[in-house]
Every structure is written in structure tokens, then in C-alpha cells.
Amino acid sequence: MNDTTATFIAACIELGIPLVAVVCLFRSKSAARIALSVLGGVTPFLCFYLACAIEFWINDGDDGSFTFYAMWQMSFVPYMIVVGLSLLISRWSWPTSAVARFTISLIGPIIGLALLLGLESGWNWLTR
């Protein structure tokens with residue numbers, strides 16, 4: 001499998017999961033709880049993808065082309081981990097509020113990224 005094919009597959013999966021979640025949100029009441037959890041978890045990723053795509057289109061692919069093409073593969077594993085954790089969170093019986101369920105799933109990746117950045121900067125400080 002070449003690099004272009006891997007990027008295309010990763011992009012299709014990473015954009016297809018939220019699309020399926022939105023369709024499930026409006027078509028099935030029973031799947032809405034799961035869809036809200038998944039959408040909450042992947043929202044930080046989607047915001048990052050949107051920012052990279054805007055940069056790519058504004059610069060006509062000159063400066064942001066590496067970022068645009070590499071982001072799909074480089075974020076695939078963390079993306080799938082977040083989707084898996086969001087599916088686990090969706091199995092909880094609480095909270096019953098849709099906004100609270102979305103927010104709980106949204107906060108998880110943000111806290112994880114903050115911890116990762118904190119650990120990385122702490123490690124750099126220790127190894128000086």
C-alpha cells in the first residue's frame with residue numbers, strides 16, 4: 001500500500017465516522033446516545049482538520065501541504081482510540097442530558113492532549 005492510498009483510507013475513515021454519527025443522530029433515537037458520545041470525542045480532531053484544510057486552501061497548497069496530507073495518517077491511531085473510548089462512555093447510563101453526554105466526551109480528548117503536552121514539556125525540563 002502506497003502513501004497516497006493510506007492517506008485516502010485514513011481520511012475516509014476519519015471523516016466517515018462523524019458523518020455516520022450525524023446520520024444516526026437524526027434517524028435513530030436509540031443510537032443518538034452513542035452518536036452524541038462519538039461526536040463529542042471527535043470534535044477536537046474535526047476542528048484541527050478544518051484549521052489545516054483552511055490553511056491549505058488559503059496558501060494554495062504551498063506551505064500547508066505537508067500538514068494537510070500528513071494529518072490523516074498521523075492522527076489515525078489517536079482518533080481511533082478516542083472513538084473507542086467514546087463508545088465506552090456511551091454505554092454509561094448517565095448523564096441523560098444530550099448536552100452533558102456530548103460535553104463529557106468532548107472533555108476527554110482535550111484533557112488527554114493537555115496531559116500529553118504537560119508530560120512532554122516536563123520530560124524536556126527534566127532531561128536538560
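Just so you know, residue 1 is the first one in the sequence shown, and it goes up from there. Just so it is clear, the values below take in all heavy atoms, side chains as well, and ignore hydrogens, waters and symmetry mates.
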Given 3.5 Å as the limit, does a donor-acceptor pair link the side chain of [X] with the main chain of [Y], or not?
X      : Y     : answer
Tyr79  : Glu14 : yes
Ser28  : Cys24 : no
Ser105 : Gly40 : no
Arg101 : Pro95 : yes

Can you say whether the rings of Trp57 and Phe68 are parallel (under 30°), tilted (30 to 60°) or perpendicular (over 60°)?
tilted

Indicate whether any N or O donor in one side chain lies under 3.5 Å from an N or O acceptor in the other, for Thr67 and Glu55.
no

Verify whether one side chain among Tyr49 and Ser75 offers a donor that lies under 3.5 Å from an acceptor in the other.
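Looking only at side-chain atoms, Ser75 and Tyr49 do form a donor-acceptor pair, the distance falling under 3.5 Å.
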
Kindly indicate whether the side chain of [X], heavy atoms from C-beta on, has any atom under 4.5 Å from the side chain of [Y].
X     : Y     : result
Met1  : Ile9  : yes
Leu15 : Leu19 : no
Pro18 : Leu46 : yes
Met80 : Ile13 : yes

Looking at Asn2, Asp3, Thr7, which hits side chain to side chain donor-acceptor pair (under 3.5 Å) with Thr5?
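Among the candidates, only Asn2 passes.
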
If hydrophobic clusters are built by linking Ile, Leu, Val, Met, Phe, Trp and Tyr wherever their side-chain heavy atoms come under 4.5 Å apart, do [X] and [Y] end up in the same one?
X     : Y      : result
Leu87 : Val42  : yes
Leu85 : Ile34  : no
Leu25 : Phe45  : no
Ile81 : Ile110 : no
Val22 : Leu36  : yes

If you round to the nearest 0.5 Å, how far is CG of Leu39 from CZ of Phe102?
6.5 Å

Met71 to Cys52 - nearest heavy-atom pair and separation:
SD-CB, 3.4 Å

